[in-house]
Number of protein chains: 2
Amino acid sequence: MIIQLDMQSDTPIYTQLMNQIIEGIASGKLKRGESLPSVRSLASDIGVNLHTVNKAYTLLKQEEYIQVHRQKGVVVHPDGMPGLTPEYSIKQQSQLRPVIAESILRGISLEDFLQTVEHIYTDISSPERGL
Amino acid sequence: MIIQLDMQSDTPIYTQLMNQIIEGIASGKLKRGESLPSVRSLASDIGVNLHTVNKAYTLLKQEEYIQVHRQKGVVVHPDGMPGLTPEYSIKQQSQLRPVIAESILRGISLEDFLQTVEHIYTDISSPERGL
DNA sequence: ATATCTGTTATATTTGTAGTATAACACAAA
DNA sequence: TTTGTGTTATACTACAAATATAACAGATAT
């Protein structure tokens with residue numbers, strides 16, 4: 001999987017990494033049990049420090065999106081992803097609320113907002129598949 | 001308007017302030033031209049430094065959500081809010097994308113996600129009105 | 001066995017942001 | 001002239017992000 005980083009972004013590198021891996025799993029480009037690069041090789045590839053990658057992996061592990069074996073390396077969680085937990089539901093709503101509020105402030109209708117969401121949703125879940 | 005801050009949150013205070021003022025405007029609790037507390041009085045009220053409030057106000061001014069007069073103080077922008085600009089559209093999508101990706105990863109259907117969004121949207125735009 | 005490749009842990013350092021603490025300036029109203 | 005605005009400047013502490021090395025622990029290949 002190709003990782004694209006924006007070093008000028010105010011989003012931390014480890015967060016950008018997490019987001020891209022999450023989107024990779026969500027889109028199906030990364031499948032259950034599939035291997036991810038080692039912390040060192042990925043760090044080397046994208047030109048960042050080992051610890052930056054390690055932080056992203058550690059957080060993804062905490063959320064049970066990936067598994068880490070001491071010698072086998074890092075793999076997408078083979079048992080599948082966790083579902084909609086109460087904790088995630090709270091996190092999700094606290095992430096959405098400010099975005100929705102600002103959109104309302106700018107006069108964006110519910111219908112338009114839902115359409116934007118739907119567009120992004122389908123864009124992520126229906127990637128160009130080289131079948 | 002009552003401001004509620006979470007000093008334990010990893011969201012910066014000035015961001016929490018911005019979010020609450022934005023939601024206040026979005027909900028109609030804060031109306032066009034309505035006065036906001038001075039930087040000093042608000043800072044004193046919520047127990048933070050003058051500069052923290054000033055930073056929130058400065059950013060809200062940059063987005064044209066409020067107006068700042070040197071002596072009259074701070075008011076909600078009297079000319080109304082800016083609409084859906086291209087810049088905001090990009091910002092909005094970059095905020096939504098990671099949330100949507102993670103929800104897809106956790107198996108949340110488009111319909112369920114849209115329902116969550118709709119719930120938050122109506123919750124913000126239909127506050128308890130003491131008419 | 002012994003290199004080698006994993007993740008992991010431990011320090012230390014640099015850089016930038018968040019937040020605080022004072023102080024002063026510019027301007028306008030009382 | 002005093003007072004209350006926003007504004008600006010400076011300095012400081014605290015913390016997070018990121019880097020730089022180094023070493024440790026475990027498993028695999030040679």
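Lettering of chains follows the sequences in order, A, B, ..., and the numbering in each one begins at 1.
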Novice: Roughly, in whole Å, what's the span from CD in Gln16(B) to C1' in dT17(C)?
Specialist: 16 Å

Novice: How close do Arg106(B) and Thr85(A) get, counting heavy atoms only, and between which atoms?
Specialist: NH2-OG1, 3.6 Å

Novice: Please state how far atom CZ in Arg40(B) lies from atom P in dG6(D), giving the value in whole angstrom units.
Specialist: 7 Å

Novice: Select one nucleotide: of dT6(C), dT7(D), dA18(D), the one nearest the side-chain heavy atoms of Ser38(A).
Specialist: dT6(C)

Novice: To the nearest angstrom, how far is Asp6(B) atom CG from dA18(C) atom P?
Specialist: 17 Å

Novice: At their closest point, which heavy atom of Ser27(B) faces which heavy atom of Ile124(B), and how far apart are they?
Specialist: CB-O, 3.2 Å

Novice: Rounded to whole Å, please give me the gap between CD1 in Ile66(A) and P in dT6(C).
Specialist: 15 Å

Novice: In terms of side-chain heavy atoms of Val39(A), which of dT7(D), dT19(D), dT8(C) is nearest?
Specialist: dT8(C)

Novice: For Val68(B) and for Ile13(A), locate the closest nucleotide of DNA chain D by heavy-atom distance; then report the residue assigned to the nucleotide nearer the 5' terminus.
Specialist: Val68(B)

Novice: Choosing from dA18(D), dG19(C), dA9(D), which nucleotide comes nearest the side chain of His51(B)?
Specialist: dA9(D)

Novice: With a non-hydrogen cut-off below 4.0 angstrom, is Tyr57(A) in contact with a base, only sugar-phosphate, or nothing?
Specialist: nothing

Novice: What is the distance, rounded to the nearest whole Å, between atom CG of Leu17(B) and atom C1' of dG19(C)?
Specialist: 12 Å

Novice: Rounded to whole angstroms, how far apart are CD on Gln8(A) and P on dT15(C)?
Specialist: 17 Å

Novice: Could you work out which one of dG6(D), dA18(C), dG19(C) sits closest to the side chain of Lys55(B)?
Specialist: dA18(C)

Novice: Do you know which two heavy atoms are closest between Tyr65(B) and Ile25(B), and how far apart they sit?
Specialist: O-CD1, 4.1 Å

Novice: Starting at atom CG of Asn49(A), determine the distance to atom C1' of dT11(C), rounded to an integer number of angstrom.
Specialist: 13 Å

Novice: Which nucleotide, dT20(C), dT9(C), dA18(D), lies nearest any side-chain atom of Thr52(B)?
Specialist: dT20(C)

Novice: I want to check one thing: is the phosphate of dG19(C), taken as OP1 and OP2, less than 4.0 Å away from some side-chain N or O of Tyr14(B)?
Specialist: no

Novice: Nearest whole Å is fine: how far is dT19(D) P from Ile46(A) CD1?
Specialist: 9 Å

Novice: Test Asn19(B) against Thr15(B) for side chain to side chain contact (heavy atoms under 4.5 Å, CB included), laying out the working first.
Specialist: CA-CA 6 Å; Asn19(B) 286 342; Thr15(B) 304; 3.9 Å; yes

Novice: Transitively linked via ILVMFWY side-chain contacts under 4.5 Å: Val68(A) with Met81(A)?
Specialist: yes

